[in-house]
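One structure below.
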Amino acid sequence: MAAPGLRPGLLRVTDQAFVTLATNDVYCQGALVLGQSLRNHTTSRKLAVLITPEVSSGMRSVLHSVFDEVTEVDVLDSAGSAHLALMQRPELGITFTKLHCWTLTHYSKCVFMDADTLVLCNVDELFDREEFSAAPDSGWPDCFNSGVFVFRPSLKTYNLLLQFAAEHGSFDGGDQGLLNSFFSNWATADIGKHLPFLYNLSSSAVYTYSPAFNHFGRDAKVVHFLGETKPWNYKYNLQTKRVIQDGTISGSVHQLSFLALWWNIYSASILPLIEKLQKMEESESEEYKHTFNRVEITLKKVSPSVPPLLQVPVLPEQTNEKNPTVCSPEELAFKAQPVCEAELSGSTAHLSEPDRPSEQLVFHPALQETSELDEVARSVSELSICFKPEEPNPEDERRKWEEGRMDYMGKDAFEHIKKKLDAFLH
Ligand code: UDP
Ligand code: GLC
Ligand code: MN
């Protein structure tokens with residue numbers, strides 16, 4: 001399926017790519033919105049995403065519909081717990097996995113972007129920069145932030161980075177400390193390698209730089225939802241298209257306008273992809289053919305085998321199907337109810353009570369552990385029976401069936417069919 005959002009006739013630079021990383025389905029949500037935002041602004045470069053084994057097969061299918069390349073890599077973890085503790089971000093040791101982007105040597109030049117970034121316009125001009133270009137970090141401007149950087153894939157550089165990591169570790173426990181130490185002259189050597197802050201505007205920093213944001217903010221090109229709180233941690237009301245900030249979110253507070261943009265892209269472009277995948281999965285039917293003597297029984301089984309995360313709630317008929325509402329992408333809950341707010345705590349979505357108390361929760365039937373035959377019996381949706389004629393002339397038999405001239409009282413009597421069916425199903 002061609003990736004959506006590609007303008008026909010757009011000249012594409014196929015040996016250059018935007019690259020991001022998602023080590024789990026949650027960060028895949030960010031990667032998908034980032035990828036879609038790049039397509040919405042008709043980038044001429046390829047889109048690549050690095051994933052690790054934890055990413056589900058369903059999510060990989062969705063990634064393939066936004067990204068040109070989905071590459072599985074091994075997890076690299078710094079295990080630099082002391083430094084990560086300083087940042088209160090123990091989960092960031094895994095960001096060493098980012099270093100795999102240097103192995104994408106089929107590209108001459110790439111721009112890495114964190115999965116929690118979002119482009120606000122076409123930023124292909126970043127490919128005019130050289131390795132290693134990055135924007136200053138809002139926390140320590142003589143360091144760069146490694147959420148957006150220009151680099152040239154090279155196995156030599158990759159191996160040097162791994163060796164440096166083994167010898168020196170990272171002063172922040174994540175990739176940023178390591179990269180700043182490795183590209184140690186970034187602050188002083190070449191101003192051309194300093195990307196304007198507008199290419200990596202850390203959304204939460206806006207809050208403390210409001211006069212500058214008020215003056216320059218309209219020129220922002222990339223917003224970065226840096227910090228422990230990500231867009232997918234917020235509540236969002238799909239009916240009113242508003243992000244709800246009711247103080248339940250801890251940590252960094254992001255600019256509402258940027259959050260709304262993130263959620264608008266998610267709900268307009270990513271959710272339909274997930275639903276399309278669900279429909280494709282559900283339409284997939286498995287056939288069971290069994291032949292008893294002259295009777296071939298075909299059972300079509302419709303198996304709702306969509307992986308948990310991709311089971312977008314299906315609203316009960318009586319609600320407004322045109323404007324389905326869903327819970328947040330953090331962990332799409334496997335419930336069907338007119339959700340107006342999805343509240344997140346931890347990694348599961350707790351759905352608020354539906355506005356209309358009369359509408360009951362309709363849960364999808366949980367898939368029980370059953371034997372294959374029981375499951376076939378339970379989920380049989382279509383049954384066809386074909387009689388294998390004994391005589392060498394199948395045409396006569398077929399014609400009899402087609403003309404309704406079966407031997408109802410004899411060999412084609414229903415009790416014979418029922419006996420075969422019972423034998424098959426039990
Ligand atoms: N990342 C990931 N899985 C994780 C944590 C991080 O895939 O569990 C990737 C993802 O691309 C993310 C980047 O590493 O954007 C850096 O992490 P994060 O953006 O959370 O750090 P921050 O920018 O908030 O310091
Ligand atoms: C920084 C960067 C992020 C990096 C993390 C860990 O805040 O925003 O890209 O992965 O620190 O080093
Ligand atoms: Mn980030």
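Read the numbers this way: they start at 1 and go in the same order the structure lists the ligands and their atoms.
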Work out whether the distance between some heavy atom of Gly227 and some atom of ligand 1 is less than 4.0 Å.
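Right, Gly227 reaches ligand 1.
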Is there a donor-acceptor pair closer than 3.5 Å between any side-chain N or O of Asp124 and the backbone N or O of Thr43?
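Between the backbone of Thr43 and the side chain of Asp124 there is no qualifying donor-acceptor contact (under 3.5 Å).
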Tell me which N, O or S atom of His224 sits nearest to the Mn ion (ligand 3).
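The nearest such atom is NE2.
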Vertex the Mn ion (ligand 3): angle to OD1 of Asp116 and OD2 of Asp114, to 10°?
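Approximately 100° at the metal, rounded to tens of degrees.
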Closer than 4.0 Å to some heavy atom of [X] - which atoms of ligand 2 meet that?
| X | answer |
| --- | --- |
| Asp172 | 6 (C), 11 (O), 12 (O) |
| Ser146 | 2 (C), 3 (C), 4 (C), 9 (O) |
| Gln176 | 1 (C), 2 (C), 7 (O), 11 (O), 12 (O) |
| His224 | 8 (O) |
| Gly147 | 9 (O) |
| Gly174 | 6 (C), 12 (O) |
| Asp114 | 3 (C), 8 (O), 9 (O) |

Check: Tyr158 ring centre within less than 6.0 Å of His100 ring centre:
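Between His100 and Tyr158, which both carry aromatic rings, the centre distance is below 6.0 Å.
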Decide if the gap between the ring center of Phe144 and the ring center of Phe132 is smaller than 6.0 angstrom.
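Close enough - the centres of the two rings lie under 6.0 Å apart.
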Is the ring pair Trp232/Trp262 parallel, tilted or perpendicular, if the boundaries are 30 and 60 degrees?
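Tilted, since the angle between the ring planes falls between 30° and 60°.
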Give the ring-plane orientation class for Phe18 versus Phe127, where under 30° counts as parallel, over 60° as perpendicular and anything between as tilted.
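Ring orientation of Phe18 relative to Phe127: perpendicular.
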To check your reading of the model: name the closest protein heavy atom to [atom], its residue, and the distance in Å.
| atom | result |
| --- | --- |
| atom 12 (C) of ligand 1 | Tyr27 CE2, 3.5 Å |
| atom 21 (O) of ligand 1 | Arg89 NH2, 3.7 Å |
| atom 17 (O) of ligand 1 | Leu92 CD2, 3.6 Å |
| atom 15 (O) of ligand 1 | Ala115 N, 3.0 Å |
| atom 19 (O) of ligand 1 | Asp116 OD2, 3.0 Å |

Contact (N/O only, under 3.5 Å) between Asp137 and ligand 2
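Among all N and O atoms of Asp137, none is under 3.5 Å from an N or O of ligand 2.
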Find all atoms of ligand 1 within a distance of less than 4.0 Å from any non-hydrogen atom belonging to [X], and give their numbers and elements.
| X | value |
| --- | --- |
| Asp114 | 13 (C), 15 (O), 16 (C), 19 (O), 23 (O) |
| His224 | 23 (O) |
| Ile94 | 4 (C), 5 (C), 8 (O) |

Would [X] count as being in polar contact with ligand 1, using the rule that some N or O on each side must be under 3.5 angstrom apart?
| X | result |
| --- | --- |
| Glu228 | no |
| Thr95 | no |
| Glu91 | no |
| Thr23 | yes |
| Leu21 | yes |
| Phe112 | no |

If you measure from each non-hydrogen atom of Arg89 to ligand 2, which part falls under 4.0 Å: side chain, backbone, both or neither?
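Looking at Arg89 and ligand 2, no heavy atom falls under 4.0 Å.
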Straight-line distance of Asn145 CG to Trp140 CH2, nearest 0.5 Å:
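Asn145 CG to Trp140 CH2: 15.5 Å, rounded to 0.5 Å.
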Interatomic spacing from CD in Glu54 to OG1 in Thr23 - rounded to 0.5 Å:
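So the gap between those two atoms works out to 6.0 Å.
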